[in-house]
Protein chains: 2
Amino acid sequence: MKNASKAPQPGRRASIKDVAARAGVSTATVSHVFSGKKHVNEALEKRVRAAARELDYSVDRVASRLRSGKAKVIAVMVPDLEDLFLSRFVSRIEAQAEDSGFEVILSCSRNDPELERTRLRAMLAWRPTGLVFVPCHEELPMEVFRDHPDLPIIGADRVNPSLTPFDTVTVDNYGSGWTAADNLILKGAKKILMLSSITEIATIRERIRGARERIERERDVELQVLAVGSEPTRGAEKLTEWFGEHGLPDAVISLTNVMTLAALATFAQIGIEAPDDLLLIGYHDSLWMTARKVPITTVSLPIDDVARAVWQRLESRVAGDSSPNRNTVLSTTLIERDTTLGRRPSR
Amino acid sequence: MKNASKAPQPGRRASIKDVAARAGVSTATVSHVFSGKKHVNEALEKRVRAAARELDYSVDRVASRLRSGKAKVIAVMVPDLEDLFLSRFVSRIEAQAEDSGFEVILSCSRNDPELERTRLRAMLAWRPTGLVFVPCHEELPMEVFRDHPDLPIIGADRVNPSLTPFDTVTVDNYGSGWTAADNLILKGAKKILMLSSITEIATIRERIRGARERIERERDVELQVLAVGSEPTRGAEKLTEWFGEHGLPDAVISLTNVMTLAALATFAQIGIEAPDDLLLIGYHDSLWMTARKVPITTVSLPIDDVARAVWQRLESRVAGDSSPNRNTVLSTTLIERDTTLGRRPSR
DNA sequence: GGTAACGAATTAAACGTTTAACTGTCAATC
DNA sequence: GATTGACAGTTAAACGTTTAATTCGTTACC
């Protein structure tokens with residue numbers, strides 16, 4: 001008879017008590033073995049581990065978190081997981097979190113403030129260590145945060161730093177619009193069209209504002225903005241329509257990836273081509289933009305840097321940093337490719 | 001003096017006890033108010049809610065889960081979150097989960113079996129209700145699953161149904177390869193090149209096997225396979241090299257999205273074009289493939305259906321369905337566009 | 001008026017851990 | 001050979017909920 005084997009109830013999972021009983025030690029010792037917080041005799045440790053294996057025991061993090069109050073979990077809330085920027089952002093945050101030993105709980109508000117509120121509430125009920133939050137609306141769900149006064153929160157991307165009572169990391173959308181417009185103006189564009197899905201998103205509005213303020217410095221340049229919804233084929237139709245009414249502009253700035261596709265589809269359909277017939281700048285650089293006969297000039301957003309900065313800030317807050325909120329703004333890069341080249345010699 | 005207000009400790013979060021004390025009721029009543037499992041007098045309920053609001057109380061799901069044993073949480077493990085298929089898959093699963101009131105914890109193995117093992121262990125320590133698992137390797141981490149014998153698991157996509165002791169939902173990769181090859185053969189292709197990043201992934205191998213078996217039925221058609229790694233520019237170089245050595249094939253089947261980009265980059269660089277100089281079929285239909293002058297023929301993978309089937313299976317398992325494991329295989333669609341058109345009349 | 005039946009609220013025992021406080025044991029120090 | 005300290009292990013009390021069992025009061029019924 002080698003073990004004081006008290007078999008656990010048939011259906012139940014083995015708990016620390018079962019392991020302790022089987023190994024003939026106290027539950028405290030078992031806990032010490034698995035948490036490594038106190039040294040235990042080698043022979044004992046072996047016995048404990050053996051017992052655990054035989055019972056298919058594994059620590060229940062829920063109980064552990066309840067008692068100790070500590071758990072390495074961060075919550076991530078984004079408005080749209082299909083968005084290229086956001087899905088990559090989530091991927092990066094996830095990687096950093098895991099490398100630092102954090103678990104990730106994920107939620108998506110699908111651009112619905114009401115959903116955002118309820119899902120946020122549900123996530124935070126798990127008492128995560130921190131929250132990475134990309135809001136879907138300027139109106140933040142403050143009552144939810146009020147219920148969690150000590151929760152470190154880092155806002156990212158679609159956030160208005162000046163309205164946000166926590167750290168933020170954003171991209172210089174204003175500057176990117178300015179730069180794009182500036183580039184086109186220098187190439188002699190007089191009539192510029194900005195193409196967006198919707199203009200309700202803060203980041204998009206900033207891009208437009210940047211371009212507009214640059215253009216206001218010129219007397220003979222005009223800026224138009226066309227919002228066509230997020231459906232690319234429908235967008236292409238609307239753009240065609242617009243071209244019919246207003247004539248071809250000198251340049252198009254498409255404010256999202258999908259809008260660039262809509263623009264290209266339109267161009268192909270009505271038989272015009274950048275840079276011969278107009279100039280084109282897209283937003284959010286992506287592999288397919290370079291693998292074409294005429295690679296596309298784009299504004300590249302520093303996703304990886306945003307993720308890094310967010311994580312860094314979060315780790316520092318979690319570690320107890322209580323300095324005033326900081327707004328980190330990262331700048332974009334205009335990657336100049338063929339669609340903004342000077343007109344090519346021969347057509 | 002309207003309330004027996006016993007203020008909670010300064011730093012501490014308010015617990016159910018604090019709320020109970022402040023509202024002058026028992027903790028059970030507070031619990032009933034928030035869980036809705038038992039009716040409580042309207043006036044009392046009001047008092048409880050008021051007290052909760054004043055104390056910024058919200059239920060601690062961790063404690064609740066510990067006591068009740070129930071929690072609606074599902075774990076999701078995928079090998080790569082930047083992959084278009086997988087990130088969309090995760091998005092869909094997440095949406096379905098949330099709609100059914102489940103929380104999602106997410107982890108990414110980054111194609112590393114060791115990471116997969118440890119992260120899986122960490123996730124499952126939270127005792128989720130179910131697991132959606134896209135493995136990174138044929139060798140499944142069975143010991144981890146052994147520790148959680150009652151956990152419903154659904155394997156998806158990169159999984160070999162015949163080696164898997166749980167439900168699976170996969171795509172008919174074999175059939176897709178067969179169909180693609182068949183299509184090209186009917187158009188007279190004699191020399192077909194399959195372009196992949198790596199051939200270690202089960203799904204990729206199946207696609208190749210499908211094409212190979214179709215081609216073996218012909219006496220005068222040959223199939224070559226070229227693996228060029230997952231870096232697109234490096235891939236383009238290798239492909240150029242290959243063209244130099246072996247001459248142009250009649251058709252290229254690029255087995256991933258990124259490989260399609262590598263192929264297009266190569267074509268652009270050496271000045272050839274589909275379908276004039278060779279035919280091209282890509283995998284994984286994506287918006288940018290249609291918004292070109294010559295839209296690309298692709299094998300479309302039914303991601304949304306996969307996600308739906310996975311979720312359906314999971315819900316049924318969670319509900320107690322103990323029927324034998326089922327392997328669901330969804331078929332792909334070849335969307336024929338311009339890159340496999342018969343040679344165009346004029347060049 | 002007595003009792004049965006019911007509903008609403010309370011009591012107190014869990015759930016599976018961690019951990020402060022405690023008990024031995026053994027070796028080192030004077 | 002007492003005293004001290006260090007170390008290894010145990011005891012038992014939490015952590016914040018849920019919930020079975022219980023109490024109490026009210027109403028309904030004969």
Side-chain angles (χ1 to χ4, degrees), chain A residues 4 6 8-9 11-48 51-52 55-73 122 124-127 147-148, chain B residues 4 6 8-9 11-48 51-52 55-73 122 124-127 147-148:
Chain A
K6 193 168 87 185
Q9 311 290 338
R12 237 185 69 249
R13 272 198 73 89
S15 82
I16 199 172
K17 284 184 198 157
D18 303 313
V19 176
R22 182 166 247 257
V25 298
S26 73
T27 62
T29 304
V30 178
S31 174
H32 292 145
V33 167
F34 285 104
S35 72
K37 293 216 167 169
K38 265 187 178 160
H39 183 69
V40 323
N41 178 288
E42 207 170 304
L44 260 200
E45 168 157 1
K46 260 192 184 148
R47 249 171 51 215
V48 169
L55 296 175
D56 293 345
Y57 170 77
S58 76
V59 177
D60 183 336
R61 202 83 67 196
V62 172
S64 141
R65 147 66 179 74
L66 175 59
R67 170 58 229 237
S68 74
K70 304 171 211 308
K72 301 185 91 177
V73 173
L124 299 190
W126 290 96
R127 307 277 186 269
D147 285 352
H148 302 267
Chain B
K6 193 168 87 186
Q9 311 289 339
R12 240 185 67 245
R13 274 196 72 90
S15 82
I16 199 172
K17 283 182 198 158
D18 303 314
V19 177
R22 181 167 250 258
V25 299
S26 73
T27 62
T29 304
V30 179
S31 175
H32 292 146
V33 167
F34 285 104
S35 72
K37 293 216 167 166
K38 264 185 179 161
H39 183 70
V40 323
N41 178 289
E42 207 168 306
L44 262 199
E45 167 157 0
K46 259 193 185 150
R47 246 166 58 210
V48 169
L55 297 174
D56 293 344
Y57 170 79
S58 76
V59 177
D60 182 337
R61 203 83 68 196
V62 172
S64 142
R65 146 67 179 75
L66 174 60
R67 171 57 229 241
S68 74
K70 306 172 210 310
K72 300 185 94 177
V73 172
L124 299 190
W126 289 97
R127 307 278 186 271
D147 287 352
H148 301 269

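Note on naming: letters A, B, ... go to the chains in the order of the sequence lines (proteins, then strands), and numbering restarts at 1 for each one.
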Given atom [atom1] of [X] and atom [atom2] of [N], what is their separation to the nearest angstrom?
X: B:Lys46; N: C:dA8; atom1: NZ; atom2: C1'; answer: 19 Å
X: B:Ile16; N: C:dT10; atom1: CD1; atom2: C1'; answer: 13 Å
X: B:Arg65; N: D:dC15; atom1: CZ; atom2: P; answer: 20 Å
X: B:Glu42; N: C:dA8; atom1: CD; atom2: P; answer: 12 Å
X: A:Phe34; N: C:dT19; atom1: CZ; atom2: P; answer: 16 Å
X: A:Asn41; N: D:dA8; atom1: CG; atom2: P; answer: 8 Å
X: A:Leu66; N: C:dT18; atom1: CG; atom2: C1'; answer: 10 Å
X: A:Lys17; N: D:dT11; atom1: NZ; atom2: C1'; answer: 13 Å

Contact between [X] and [Y] at the side-chain level, heavy atoms closer than 4.5 Å - yes or no?
X: B:Asp147; Y: B:Leu124; value: no
X: B:His148; Y: A:Arg13; value: yes
X: B:Arg65; Y: A:Asp60; value: yes
X: A:Val73; Y: B:Trp126; value: yes

B:Asp18/B:Arg12 salt bridge by N-O under 4.0 Å criterion: yes

If the cut-off is 4.0 Å, is [X] near the phosphate of [N], judged by side-chain N/O to OP1 or OP2?
X: A:Thr27; N: D:dT11; answer: no
X: B:Ser64; N: D:dT17; answer: no
X: A:Ser68; N: C:dT18; answer: no
X: B:Ser26; N: C:dA9; answer: no
X: B:Lys37; N: D:dT18; answer: no

Sugar-phosphate, base or nothing in reach of [X], heavy atoms under 4.0 Å:
X: B:Val62; answer: nothing
X: A:His39; answer: sugar-phosphate
X: B:Tyr57; answer: sugar-phosphate

Minimum-distance nucleotide (side-chain atoms of A:His32 versus C:dA9, C:dG16, C:dT19): C:dT19

Earlier contact from the 5' end, DNA chain D, for B:Lys38 and B:Asp60: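 Going by which nucleotide is closer to the 5' end, it is B:Asp60.
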
Please compare A:Val59 and B:Leu44 by the position of their nearest nucleotide in DNA chain C and report the one closer to 5'.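 Whichever sits nearer the 5' end wins; that is B:Leu44.
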
I'd like to know if A:Arg67 reaches the base of C:dT18 with its side chain, counting only an N/O donor and acceptor under 3.5 Å. yes

